[in-house]
Amino acid sequence: MPIAADLTVEDGTGLAAANSYISLADTSTYHALRGNEEWADATESDQVVALVRATDYVESRWTFTGTPFTTTQALGFPMETIYLNNRGADVSETVPVEIEEATAEYALLVLGTGVALVDLSPAVDQTDPNAIEYFREKIGSLEEETHYDTKRGTKITLAYPTADKIIKASGYLAGGRTGGAIR
């Protein structure tokens, strides 16, 4: 069972063993201020797993602008001389607050309904009717078959609106990459 000591939070120095962008305490404060009781109700072990999975998801889904601070750091942040939303505030040698907040939001999604931890994945969104490549329905014996286009020119991923919006508004995405469609 993971415990808080298993969580290595990036502190802005480019840690080689970092596995989270935000601490348990900061995440708990973030969710308490927003009335997200699911976070407070979760065990510490589940919270640790949720933060690690959320950080992994941020790392796999999004590509950020800038150059990593060190060549040995585990995560994308900190970056060398990166400025907050082009407003002149240097946020190098730190993890931007937007990245921390988005990680906290994704971690809450990982907790799911509290029954089991959810694995976030940038997989094809099977709720998107535009992603259907082939659909066949047979009335006699009630047969249905659906194939989703996983090779589309535009990658469509599941939308996590609150967290995705924080990342997109941060100004740190490389080349305007959106990491998938927002619906």
Side-chain angles (χ1 to χ4, degrees), residues 1-64 66 68-70 72-79 94-128 131 148 150 155-170 172-174 177-183:
M1 297 281 271
I3 58 171
D6 295 325
L7 197 67
T8 305
V9 180
E10 176 54 60
D11 63 3
T13 62
L15 298 173
N19 57 16
S20 181
Y21 276 127
I22 187 170
S23 70
L24 275 173
D26 289 345
T27 305
S28 294
T29 299
Y30 177 88
H31 288 302
L33 289 171
R34 287 157 181 79
N36 296 328
E37 294 176 17
E38 296 87 0
W39 184 262
D41 293 343
T43 65
E44 181 180 278
S45 178
D46 284 351
Q47 290 174 343
V48 169
V49 169
L51 283 172
V52 171
R53 285 189 185 178
T55 301
D56 289 348
Y57 181 75
V58 169
E59 289 292 298
S60 68
R61 178 167 178 195
W62 305 103
T63 301
F64 300 103
F69 192 65
T70 71
T72 59
Q73 69 190 55
L75 303 176
F77 285 96
M79 299 279 190
T94 188
V95 174
V97 69
E98 295 93 341
I99 304 306
E100 291 177 344
E101 289 177 352
T103 302
E105 288 288 344
Y106 287 126
L108 185 64
L109 293 165
V110 170
L111 290 179
T113 61
V115 176
L117 295 172
V118 175
D119 194 16
L120 301 179
S121 172
V124 172
D125 182 357
Q126 294 187 359
T127 63
D128 178 13
Y148 293 91
T150 59
K155 184 177 181 182
I156 297 187
T157 59
L158 292 172
Y160 304 111
T162 302
D164 293 352
K165 183 179 177 182
I166 293 169
I167 294 276
K168 288 182 178 189
S170 74
Y172 299 120
L173 290 178
R177 181 170 177 240
T178 62
I182 289 266
R183 282 177 278 294

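- Atom CD1 of Ile3 and atom CG of Asp6 lie 5.0 Å apart (nearest 0.5 Å).
- Interatomic distance, Arg34 CZ to Leu108 CG, rounded to the nearest 0.5 Å: 11.0 Å.
- Sorted by first then second residue, the ring pair (Phe, Tyr, Trp, His ring centres under 6.0 Å) pairs that include residues 9-48, not counting sequence neighbours, are His31-Trp39.
- In this structure, CG on Leu109 lies 13.0 Å from CZ on Arg53, to the nearest 0.5 angstrom.
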Give the intermediate values and the outcome of side-chain contact (heavy atoms from CB on, under 4.5 Å) for residues Phe64 and Ile167.
CA-CA 10 Å; Phe64 300 103; Ile167 294 276; 4.2 Å; yes

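- Of all non-hydrogen atoms in Met79 and Pro68, the two that sit nearest each other are SD-N, 3.8 Å.
- When all heavy atoms are compared, the tightest approach of Ala107 to Ala54 is N-CB, 3.4 Å.
- Closest approach of Gly12 to Pro78, counting heavy atoms only: O-CG, 3.4 Å.
- For the pair Leu15 and Gln73, the minimum side-chain heavy-atom distance is 4.5 Å or more.
- Residues satisfying the side-chain contact (heavy atoms from CB on, under 4.5 Å) test with Ser23, not counting sequence neighbours, are Val9, Ala25, Asp26.
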Worked verdict on Thr55 versus Asn19 for side-chain contact (heavy atoms from CB on, under 4.5 Å):
CA-CA 7 Å; Thr55 301; Asn19 57 16; over 6 Å; no

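- The shortest heavy-atom contact between Val110 and Ala50 is CG1-CA, 3.6 Å.
- Remark: Leu33 pairs with Thr29 by the side-chain contact (heavy atoms from CB on, under 4.5 Å) rule, at least two apart or across chains.
- Annotation for Ala74 and Ala16: closest pair CB-O, 3.3 Å, computed over non-hydrogen atoms.
- Remark: Glu100 engages Ile22, Val95, Val97 in a side-chain contact (heavy atoms from CB on, under 4.5 Å) (not counting sequence neighbours).
- Taking Ala4 as the reference, Leu24, Glu44 meet the side-chain contact (heavy atoms from CB on, under 4.5 Å) condition, with sequence neighbours excluded.
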Verify side-chain contact (heavy atoms from CB on, under 4.5 Å) between Thr63 and Leu173, making sure each step is shown before the conclusion.
CA-CA 6 Å; Thr63 301; Leu173 290 178; over 6 Å; no

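- To the nearest 0.5 Å, the span separating CD on Glu105 from OG1 on Thr162 amounts to 5.0 Å.
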Could you go through Glu59 and Phe77, starting from their C-alpha distance and side-chain angles, then the distance that decides it, and tell me whether this counts as side-chain contact (heavy atoms from CB on, under 4.5 Å)?
CA-CA 10 Å; Glu59 289 292 298; Phe77 285 96; 5.5 Å; no

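- Distance alone, capped at 3.5 Å, is enough to place a donor-acceptor pair between the Glu10 side chain and the Gly14 backbone.
- Ser20 places a side-chain heavy atom less than 4.5 Å from the side chain of Leu51.
- By the side chain to side chain donor-acceptor pair (under 3.5 Å) test, Thr13 is found to be paired with Asp11, residues two or more places apart in sequence or in another chain being considered.
- Partners of Tyr106 by side chain to side chain donor-acceptor pair (under 3.5 Å), not counting sequence neighbours, listed by chain and number: Trp62, Asp164.
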